[in-house]
Amino acid sequence: MNGQFRNHPVPQQIPSAWSNFDLESNAPGGYPGGSWLQTPPHLWTKYHVWEWLQHTLDANQLDANCIRFHDFDITGEQLCSMSFEIFNHVTGPLGPLLFSSLESLKWSNKFLQPMGQPLMVEQRDCQGKEHQSHKANGKKHSPRGTHLWEFIRDILLDSEKNPGLIKWEDRSEGVFRFLKSEAVAQLWGKKKNNSSMTYEKLSRAMRYYYKREILERVDGRRLVYKFGKNACGWRDCDR
DNA sequence: ACTAGGTTTCCTGATT
DNA sequence: CAATCAGGAAACCTAG
């Protein structure tokens, strides 16, 4: 009973509009929302800021509860203008970590190069720590990046390309409904290179999110889910 | 080699 | 009846 029987063909019913989207998403960090790494921090949108924050917490194995995401409803420009003191004030014990992460990105040679500027810049952040220098090449870890709930969120947010796969039931409350459950499951499976993904299995993974409060239970309504307090980046104003 | 988190797979039973 | 929902258990996979 293990994954030996995985790669058998499955009827392809993925709407064509999504084929491209999905191919893109197989590129490292290339899902439709992973672009903060390719963008200098001061040009980040609010959404980029969310992504950076989430990625940094993730990379340091910190729970999203550690932070009040609401305090980061700001653009990259605003973020970059925050002083170390402000960071500490807003994020408490995580201030130093976040500040130094941002500082590293600001000074990443990836963003310093384009205009023929210094190649190697010594990394010293405002606290005298001596970080980075290793993976300044955006490669970082976990190119697999997207978790299921983010994948779902991104489909919802990309309404122009979303050919009726999932639909908002209550946009402001974060309630949504699967319209084509099996098609979404196949898309997810395609992303994970698993052609035997089904809605039955996908939904089990969704139910695990209740405990982590990434999703809230919506009972009585089939195929309906609701984003919980630990899901971020889905609100209109986050974009 | 080992570990933890995040699924994936399977299953039984309840609901719609 | 078929499709979903609920979770427990255990296998899997991958970054660290």
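We name chains A, B, ... by the order of the sequence lines, and we start the count at 1 in each one. All figures in this text were calculated on a predicted structure; none of them were measured in a lab.
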*Is the number of heavy atoms from other residues, nucleotides or ligands under 6.0 Å of A/Lys167 NZ greater than 12?*
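12 or below, so no.
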Could you state the atom-to-atom distance from [atom1] of [X] to [atom2] of [N] in whole Å?
X	N	atom1	atom2	result
A/Asn230	B/dG6	CG	C1'	15 Å
A/Leu202	B/dT7	CG	P	10 Å
A/Leu148	C/dC12	CG	P	21 Å
A/Arg212	C/dG7	CZ	P	17 Å
A/Lys191	C/dT14	NZ	C1'	15 Å
A/Arg177	C/dA3	CZ	P	17 Å

Report yes if at least one side-chain N or O of [X] is closer than 4.0 Å to OP1 or OP2 of [N]; otherwise report no.
X	N	value
A/Lys192	B/dT8	yes
A/Tyr199	C/dC5	yes
A/Ser181	C/dT4	yes
A/Lys201	B/dT8	no
A/Ser203	C/dA6	no
A/Trp188	B/dT8	yes
A/Asn193	C/dC13	no
A/Tyr225	C/dC5	yes
A/Arg217	C/dG7	yes

*Checking A/Arg212 against A/Tyr208: charged group under 6.0 Å from the ring centre and within 45 degrees of the axis?*
no
*With a 3.5 Å cut-off and just heavy-atom distances, do the side chain of A/Arg222 and the base of C/dA3 make a donor-acceptor pair?*
yes
*asked:* Is there, by distance only and without an angle test, a donor paired with an acceptor across the side chain of A/Arg207 and the base of C/dG8 below 3.5 Å?
replied: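 Answer no: no donor N or O sits under 3.5 Å from an acceptor.
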_Upstream residue (5' side of DNA chain B) when A/Glu200 and A/Tyr209 are each assigned their closest nucleotide_ = A/Tyr209
_Tell me the closest heavy-atom pair linking A/Thr198 and A/Glu182, and the distance in Å._
CA-OE1, 3.7 Å
*Closest nucleotide among C/dT4, B/dT8, C/dC5 to the A/Glu182 side chain*: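 Selected nucleotide: C/dT4.
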*asked:* Can you confirm whether the side chains of A/Ser81 and A/Gln78 place a donor and an acceptor under 3.5 Å from each other?
replied: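 No donor-acceptor contact under 3.5 Å links the two side chains.
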